[in-house]
Amino acid sequence: MPARTWVPPGPYDLHRTLGVLQRGPGDPAFAVRGGEIWRACRTPQGPGTLCVAARPADGEVVAEAWGPGAEWLLDRLPQLLGEDDDPAQLTARHRIVHEARRRHPGVRLARTGLVLESLIPSILEQKVTSDEAYRAWRLLLQRHGEPAPGPWERLRVMPDPRGWALIPSWEWHRAGVDAKRSTAILRAVRVARRMEEAARMDLSDATRRLTAIPGIGPWTAAETLQRALGAPDAITVGDLHLPKIIGYALTGRRGTTDAEMLELLAPYTGQRHRAARLILLSGITPPRRAPRFPVGDIARL
C-alpha cells in the first residue's frame, strides 16, 4: 500500500497525540520503535497495521499500512492524527492550563473511529489497578488475538466479536478478569455493530448508546469516546485519581470529589477533557501519603 502523508496545520507532537492509545507497556497492539508508532487494529475491512512517523524537517507525517484494513486506516489518517481537532477552542482560565498549552502546543486529540478497540480495554480497567488491566489486555491478545499483518511479528490484532465471545470462562479468570467485567465485554460484543455506530454520533448520543449496556457506565464511556471520537468534552467521572489531581493542580487542596472537579472545570465546558489532559501534562500531582494500592490476582484464586 503506497505511503500517505499528512501536513499538520501547526506544531505537532505525534507521540503525545497517539500515545493515549497505548494500553500500558508491552501492549501487543501498540509499539514505538525509534520515531515510529505502530498500531495493530481491527477495522471494518479487517485486520490492519499502521506505521506512522513524523518528519519534522519536511513538516509532515508519513504513514504506511498493511493488511485488509490498510486502506481504511490510511483513508482516516488525518482524523486519527487530529486534523479535525481544534485546540484553539479552549480558552485557558488558569495559569497552569495556559503554561501546559504553551509547553505542549503540538498535542491534539486523536480520533480512531473504532469503538470496541477502546471500549474493551476500558472495561478491563474498571475498578482495578492499571497494571492489572494492562496485564489482562496483554494476555488476552497474546492468547486469543491474531498476528498483525505487516513486517512486525510481535504485534497482535484483537479478536473479532465472535472471537471475544468464544473465550472460555477459565481464560478470563487466568487473565485476572472477574465475571462482572468479562460479562460486560460479552454484552458489548454481542451488539458490536450498534457499538461501532457510536463512532459516528455526537458525544451525548454516543454516551447514551454505550451506557445502555449493563456494566458500561459514564467512566467507561468517557474513556472510550475520548479515543474513538477525539471528544474534547468527554471528561472522566468516577476515576480514583483524576479529581484529586485536578483539584490539587488548580487549588492546592487535597481530596477533591467528582462534583468539585466538575465545578472547577465548568469554565471549560465543551473542552473539559482537553483541559484535564493539559493539567495532567503539567505533571503537578498531590504528594503521595499512602502506599500504592496492592495489585490483586484473581487468577490464583
Side-chain angles (χ1 to χ4, degrees), residues 3-25 27 29-41 49-65 73-114 117-118 199 203 222-236 242 245-246 249-250 265 267-285:
R4 302 279 182 91
T5 59
W6 177 68
V7 179
Y12 190 71
D13 189 329
L14 176 66
H15 287 262
R16 281 199 170 91
T17 296
L18 295 187
V20 297
L21 305 180
Q22 183 175 21
R23 300 296 182 155
D27 181 351
F30 189 102
V32 178
R33 183 165 64 183
E36 300 173 340
I37 291 180
W38 292 70
R39 289 180 65 226
C41 310
T49 300
L50 181 70
C51 174
V52 188
R55 292 178 176 170
D58 300 324
E60 64 184 20
V61 177
V62 62
E64 293 183 79
L73 289 167
L74 291 175
D75 286 347
R76 287 154 183 80
L77 179 69
Q79 289 76 25
L80 172 70
L81 298 177
E83 181 179 70
D84 298 332
D85 183 42
D86 185 3
Q89 290 294 313
L90 180 142
T91 300
R93 305 293 186 182
H94 299 85
R95 181 177 297 276
I96 188 174
V97 176
H98 172 79
E99 284 299 309
R101 185 165 64 178
R102 183 185 64 81
R103 290 171 53 203
H104 305 284
V107 177
R108 289 175 171 261
L109 301 180
R111 178 173 187 157
T112 67
L114 298 170
E117 175 189 84
S118 294
L203 177 60
E223 290 288 311
T224 301
L225 298 174
Q226 288 165 8
R227 298 167 172 85
L229 294 183
D233 200 45
I235 183 66
T236 303
L242 185 63
I245 294 172
I246 299 295
L250 296 184
L265 294 177
Y268 300 101
T269 297
Q271 298 287 317
R272 291 176 298 176
H273 168 53
R274 191 190 310 279
R277 180 92 187 278
L278 289 169
I279 292 168
L280 292 175
L281 284 173
S282 75
I284 297 175
T285 59

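Just so it is clear, the structure is predicted and the values come from calculations on it, not from any experiment.
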Heavy-atom side-chain contact between L18 and L80 under 4.5 Å: yes
Derivation and outcome, side-chain contact (heavy atoms from CB on, under 4.5 Å), residues R33 and W38: CA-CA 8 Å; R33 183 165 64 183; W38 292 70; 3.1 Å; yes
Derivation and outcome, salt bridge (Lys or Arg N to Asp or Glu O under 4.0 Å), residues D233 and R272: CA-CA 5 Å; D233 200 45; R272 291 176 298 176; 2.9 Å; yes
Rounded distance [0.5 Å steps], CG in L14 versus CG in L81: 6.5 Å
Any residue meeting side chain to side chain contact (heavy atoms under 4.5 Å, CB included) with D75, in chain and number order, not counting sequence neighbours: R4, E71
Criterion side-chain contact (heavy atoms from CB on, under 4.5 Å) on V7 and D58, from CA distance to verdict: CA-CA 9 Å; V7 179; D58 300 324; over 6 Å; no
Check: R103 and L281 side chains under 4.5 Å, non-hydrogen atoms: no
4.5 Å side-chain heavy-atom contact, V20 and R277: yes
side-chain contact (heavy atoms from CB on, under 4.5 Å) between I37 and C51, intermediate numbers included: CA-CA 6 Å; I37 291 180; C51 174; over 6 Å; no
Interatomic distance, T269 atom OG1 to I235 atom CD1 [nearest 0.5 angstrom]: 10.5 Å
Heavy-atom closest pair, residues C41 and L73: SG-CD2, 4.0 Å
Please tabulate, for the side chains in residues 88-97, all donor-acceptor contacts under 3.5 angstrom to protein atoms that are two or more places apart in sequence or on a different chain.
unit_1: Q89; atom_1: NE2; unit_2: D86; atom_2: OD2; d: 3.0
unit_1: H94; atom_1: ND1; unit_2: Y268; atom_2: OH; d: 2.8

Donor-acceptor side-chain pairing of E223 and S118 below 3.5 angstrom: no
Pairwise side-chain contact, R39 with T49, heavy-atom cut-off 4.5 Å (strictly under): no
Residue pair H273 / L109, side-chain heavy-atom distance below 4.5 Å: yes
Side-chain donor-acceptor contact under 3.5 Å, W6 with E60: no
L203 versus A231, closest heavy-atom pair with distance: CD1-CB, 4.0 Å
pair P232-Q271: side-chain heavy atoms closer than 4.5 Å: yes
Under 3.5 Å donor-acceptor, Q226 side chain and A234 backbone: yes
Between CZ on residue R76 and CD on residue Q79, distance to nearest 0.5 Å: 7.5 Å
Heavy-atom check, side chain of R108 versus side chain of P9, under 4.5 Å: yes
Stepwise side-chain contact (heavy atoms from CB on, under 4.5 Å) check, V32 with H15: CA-CA 9 Å; V32 178; H15 287 262; 3.6 Å; yes
Straight-line distance of T112 OG1 to L225 CG, nearest 0.5 Å: 9.5 Å
Non-hydrogen atoms of P8 and G59 that approach each other most closely: CD-O, 3.4 Å
Nearest-0.5 Å distance that lies between atom CG in L242 and atom CD1 in I279: 8.5 Å
Minimal non-hydrogen separation, Q22 against P25, with atom names: NE2-CA, 4.4 Å
Heavy-atom closest pair, residues A222 and T236: CB-CA, 4.0 Å
Minimum heavy-atom distance between G106 and T17, given as atom pair plus value: O-OG1, 3.6 Å
Nearest-0.5 Å distance that lies between atom OG1 in T285 and atom CG in L280: 9.5 Å
For A63, side chain to side chain contact (heavy atoms under 4.5 Å, CB included) partners two or more places apart: L50, V52, L74, L77
Beyond-backbone contact of V107 with P87, side-chain heavy atoms, under 4.5 angstrom: no
